[in-house]
Amino acid sequence: MMRKIWLAGGCFWGVEAYFRQLRGVIATRVGYGQGSTDDPTYREVCSGATGHAEICEVSYDERVLPLQKVLEHYFRIIDPTTLNRQGPDQGTQYRTGIYYEEEADRSVIENFLQTMQAGHANPNVVEVEARRRFFPAEEYPQEYLEKTPGGYCHINLALARPEERK
């Protein structure tokens, strides 16, 4: 059964490149979400004026990759205690967040975050909200790291363990 989740974890093309490697991921798409404007551009989002985060939409087969596993992978590539920053990227568009469409996913996410908090001295600042808005990004950031070998990415893509890759 195909499901979707939207993940903000800093620069969206690194999040996308990581999740594209995983067995059970059907498709990914980067875009802008949870902000106040319609159909923003990359430049507008980077200005900080739109309130949007850089987000990766992940479509996955829950029989192969259950939500719990998706969240485990997400936490391998983010620092959940850093507000509006991941790696060297700073600004509200680089905040962390998990955005769901199925209300049943909320309790899975909240329980997972509560468990993860035990491993951190500082509070968890990952947003958890129903997906309100998502606008696909322009064409050039879609699958950016596949189109741009050696392109900038703060995420260690090797953290997608070989046994869990496609």
Side-chain angles (χ1 to χ4, degrees), residues 1-38 40 45 48 50-87 89-137 153-157 159-161 163-166:
M1 178 175 174
M2 190 187 82
R3 302 285 302 277
K4 287 186 181 183
I5 195 83
W6 292 262
L7 303 171
C11 179
F12 54 13
W13 56 57
V15 176
E16 179 185 43
Y18 179 91
F19 277 91
R20 286 181 63 80
Q21 298 179 78
L22 301 180
R23 188 174 29 253
V25 171
I26 298 164
T28 59
R29 182 168 62 157
V30 297
Y32 316 111
Q34 303 303 97
S36 60
T37 61
D38 289 338
V45 171
T50 68
H52 286 284
E54 289 191 12
I55 293 176
C56 181
E57 177 185 78
V58 179
S59 300
Y60 63 99
D61 182 338
E62 71 175 342
R63 295 168 299 186
V64 178
L65 185 68
L67 180 56
Q68 176 79 21
K69 283 289 194 188
V70 170
L71 297 173
E72 288 172 16
H73 277 282
Y74 175 65
F75 269 74
R76 285 182 190 167
I77 62 172
I78 65 160
D79 176 350
T81 65
T82 302
L83 184 62
N84 299 330
R85 178 179 175 193
Q86 291 295 300
D89 299 320
Q90 295 184 52
T92 57
Q93 73 271 25
Y94 298 120
R95 67 188 180 267
T96 53
I98 304 168
Y99 311 105
Y100 58 90
E101 71 181 349
E102 303 288 333
E103 189 58 36
D105 289 347
R106 182 179 185 88
S107 62
V108 173
I109 296 164
E110 288 176 345
N111 289 337
F112 184 86
L113 291 177
Q114 187 175 16
T115 301
M116 291 304 294
Q117 181 59 57
H120 297 281
N122 294 324
N124 184 324
V125 295
V126 177
E127 287 182 343
V128 176
E129 300 175 352
R131 180 193 48 80
R132 294 187 318 270
R133 310 177 83 150
F134 178 79
F135 300 96
C153 182
H154 75 279
I155 292 173
N156 179 354
L157 299 178
L159 291 174
R161 294 186 179 141
E163 70 273 10
E164 296 178 15
R165 292 185 183 179
K166 290 182 177 175

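Remember, it's a predicted structure, so these values are computed and weren't measured experimentally.
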Is there a side-chain contact between [X] and [Y] in this structure, where contact means two heavy atoms from C-beta onward sitting under 4.5 Å apart?
X	Y	value
Asp89	His154	yes
Asp79	Gln86	yes
Leu22	His73	yes
Tyr74	Thr96	yes
Thr28	Val15	no
Val70	Leu7	yes
Ile77	Asn156	no
Glu57	Val30	no

Please check if the side chain of [X] supplies one atom and the backbone of [Y] the other of a donor-acceptor pair under 3.5 Å.
X	Y	answer
Thr92	Gly51	no
Arg95	Gly97	no
Gln21	Leu157	yes
Gln117	Asn124	yes

For the [atom1] atom of [X] and the [atom2] atom of [Y], what is their distance to the nearest 0.5 Å?
X	Y	atom1	atom2	result
Glu102	Glu62	CD	CD	9.0 Å
Gln114	Ser107	CD	OG	11.5 Å
Gln90	Leu83	CD	CG	11.0 Å
Leu67	Glu72	CG	CD	10.0 Å

Charged N-O contact under 4.0 Å between [X] and [Y]:
X	Y	result
Arg106	Glu110	yes
Glu101	Lys4	no
Asp105	Arg3	yes

What are the two closest heavy atoms between [X] and [Y], and how far apart are they?
X	Y	answer
Tyr60	Pro66	CE1-C, 4.4 Å
Gly14	Cys153	CA-SG, 3.5 Å
Thr50	Pro40	CG2-CB, 4.3 Å
Leu159	Tyr18	O-OH, 3.4 Å

CA sep, side-chain torsions, deciding dist, call: Phe12, Tyr32, ring pair (Phe, Tyr, Trp, His ring centres under 6.0 Å): CA-CA 9 Å; Phe12 54 13; Tyr32 316 111; 5.7 Å; yes

Verdict with reasoning, Glu129 to Gln34, per side chain to side chain donor-acceptor pair (under 3.5 Å): CA-CA 9 Å; Glu129 300 175 352; Gln34 303 303 97; 2.7 Å; yes

More than 12 heavy atoms of other groups within 6.0 Å of Arg23 CZ: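 More than 12 heavy atoms, drawn from other residues, nucleotides or ligands, come within 6.0 Å of this atom.
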
Derivation and outcome, side chain to side chain contact (heavy atoms under 4.5 Å, CB included), residues Val126 and Ile78: CA-CA 10 Å; Val126 177; Ile78 65 160; 3.9 Å; yes

Verdict with reasoning, Ile109 to Ile5, per side chain to side chain contact (heavy atoms under 4.5 Å, CB included): CA-CA 11 Å; Ile109 296 164; Ile5 195 83; 4.1 Å; yes

Qualifying ring-ring contact (aromatic ring centres under 6.0 Å, His included) pairs, either residue in residues 89-127, two or more places apart: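 Qualifying pairs, neighbours excluded: Phe75-Phe112.
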
